[in-house]
Amino acid sequence: MRKTSLFIAVVCGLSLLTACGGSSSNRVAGNAATTSVLAENAVKGELGLFELQGPVKKCTVINDWGNVERTFDEQGFWLTHGGKQLSEIYSSGIERDEYGRIVTGKIDDEGNGEDYTYSKFGKVLKYNYRFYDSLEEDVYSYDENGNLLKKHVELGGMDAEEPYDETYTDVVTDSYGNWTSRKANGVVQKRQIEYYDFAVQ
């Protein structure tokens with residue numbers, strides 16, 4: 001349904017990280033004072049954009065039209081999407097919040113790109129995508145335990161559809177609480193997650 005916008009959105013988020021100035025370690029060091037203000041159980045970096053937590057190294061979403069792979073550094077900051085650096089996706093720049101997280105990724109100089117809004121726990125609350133006459137706004141709702149319940153989608157532009165909710169059932173999670181299988185409006189979604197092994201020095 002929205003394969004193109006989802007792909008561009010994911011790719012765009014990647015370039016924000018690198019375009020905003022250097023390595024992830026520099027970003028984290030520069031924000032050491034402010035990160036302590038985050039809630040104690042907040043997810044790190046941009047992991048919350050993709051419903052991830054824990055020491056995630058790589059997450060691969062398995063789709064009928066092709067798998068989507070994202071990688072993250074040890075601090076949870078988004079590094080690559082589909083093998084591309086974020087700077088290749090958000091080629092016109094990235095804006096970050098006080099915690100070093102992507103809030104705006106610019107695809108080009110014509111106003112096309114994506115915006116992200118986070119909760120105090122680092123999870124995505126709202127996602128906006130704009131590409132010429134195509135607009136999308138996703139609003140996320142969670143239960144009291146921080147589990148995603150549904151995503152409300154509003155579409156605009158020439159080929160806009162009616163607003164709809166995407167609800168999640170039959171959720172299977174791993175030992176970190178990350179979903180590996182679920183149904184979105186009855187359609188099965190799957191993903192594979194690889195973690196850092198911090199016990200290995």
Side-chain angles (χ1 to χ4, degrees), residues 6-7 9-64 66-90 94 96-103 105 116 118-125 127 140 142-143 145-148 168 170-184 188-201:
L6 285 175
F7 174 77
V10 171
V11 174
C12 291
L14 293 170
S15 45
L16 288 177
L17 292 174
T18 51
C20 281
S23 69
S24 59
S25 58
N26 290 337
R27 284 196 309 275
V28 173
N31 289 292
T34 52
T35 5
S36 62
V37 178
L38 280 172
E40 186 177 330
N41 58 343
V43 295
K44 294 181 178 180
E46 284 103 9
L47 291 176
L49 295 180
F50 309 106
E51 302 165 62
L52 292 167
Q53 58 191 356
V56 176
K57 183 177 185 179
K58 180 169 66 175
C59 179
T60 304
V61 179
I62 303 167
N63 295 312
D64 291 339
N67 298 344
V68 178
E69 179 183 289
R70 302 181 185 98
T71 64
F72 304 87
D73 70 9
E74 294 90 339
Q75 298 300 317
F77 285 100
W78 192 10
L79 295 176
T80 65
H81 172 82
K84 292 185 177 181
Q85 299 291 320
L86 291 185
S87 56
E88 298 177 68
I89 295 164
Y90 294 132
I94 296 169
R96 300 176 183 278
D97 64 12
E98 66 268 34
Y99 305 110
R101 303 173 304 196
I102 294 172
V103 291
Y116 303 100
Y118 300 82
S119 74
K120 67 177 180 178
F121 298 107
K123 297 192 174 185
V124 62
L125 284 179
Y127 160 78
Y140 297 78
Y142 301 86
D143 66 17
N145 297 316
N147 300 308
L148 182 63
Y168 307 101
D170 299 338
V171 180
V172 177
T173 60
D174 63 14
S175 59
Y176 284 98
N178 291 317
W179 70 267
T180 55
S181 177
R182 69 183 181 185
K183 288 183 179 178
V188 175
Q189 298 179 334
K190 291 182 178 292
R191 63 182 183 177
Q192 298 174 339
I193 304 170
E194 181 181 334
Y195 295 92
Y196 285 99
D197 184 359
F198 292 120
V200 177
Q201 299 297 326

Novice: Taking all non-hydrogen atoms of both residues, which atom of Tyr196 and which atom of Lys57 are closest, and how far apart?
Specialist: CE1-CA, 3.5 Å
Novice: Under the 6.0 Å and 45° cation-pi test, does Arg101 pair with Tyr116?
Specialist: no
Novice: Please indicate whether Gln192 has more than 12 foreign heavy atoms, meaning atoms of other residues, nucleotides or ligands, lying under 6.0 Å from its CD.
Specialist: no
Novice: For the CZ atom of Phe72 and the CD1 atom of Ile193, what is their distance to the nearest 0.5 Å?
Specialist: 9.5 Å
Novice: Please report the closest heavy-atom contact between Ser181 and Val188, naming both atoms and the distance.
Specialist: OG-CG1, 4.3 Å
Novice: Are any of the side-chain heavy atoms of Val124 and Glu46 separated by less than 4.5 Å?
Specialist: no
Novice: Listed by chain and number, what are the salt bridge (charged side-chain N to carboxylate O under 4.0 Å, His left out) partners of Lys183, not counting sequence neighbours?
Specialist: Asp170
Novice: Should Tyr140 and Lys123 be marked as a side chain to side chain contact (heavy atoms under 4.5 Å, CB included) after you check the CA-CA gap, both sets of side-chain angles, and the distance that decides it?
Specialist: CA-CA 9 Å; Tyr140 297 78; Lys123 297 192 174 185; over 6 Å; no
Novice: If every non-hydrogen atom of Lys44 is compared with every non-hydrogen atom of Gln75, which pair is closest and at what distance?
Specialist: CB-O, 3.1 Å
Novice: In Å and rounded to the nearest 0.5 Å, what is the CG to CD distance from Asp64 to Gln189?
Specialist: 10.5 Å
Novice: Quick test of your reading of the model: are Glu51 and Arg182 salt-bridged, counting only N-O distances below 4.0 Å?
Specialist: yes
Novice: Minimum heavy-atom separation for Leu52 and Cys59, please, with both atom names.
Specialist: CD1-CB, 3.9 Å
Novice: Which atoms form the tightest heavy-atom contact between Arg191 and Trp179, and what is the distance?
Specialist: NE-O, 2.7 Å
Novice: With sequence neighbours left out, write down each residue that passes side-chain hydrogen bond (donor to acceptor under 3.5 Å, both in side chains) with Asn147, or none if nothing qualifies.
Specialist: Asp143
Novice: Rounded to the nearest 0.5 Å, what's the gap from OG1 on Thr60 to CG on Asn67? Could you check?
Specialist: 6.5 Å
Novice: Exactly one of Leu125, Val103, Val43 should register a side chain to side chain contact (heavy atoms under 4.5 Å, CB included) with Tyr118. Which one does?
Specialist: Val103
Novice: What residues form a ring-ring contact (aromatic ring centres under 6.0 Å, His included) with Tyr195, not counting sequence neighbours?
Specialist: Tyr176
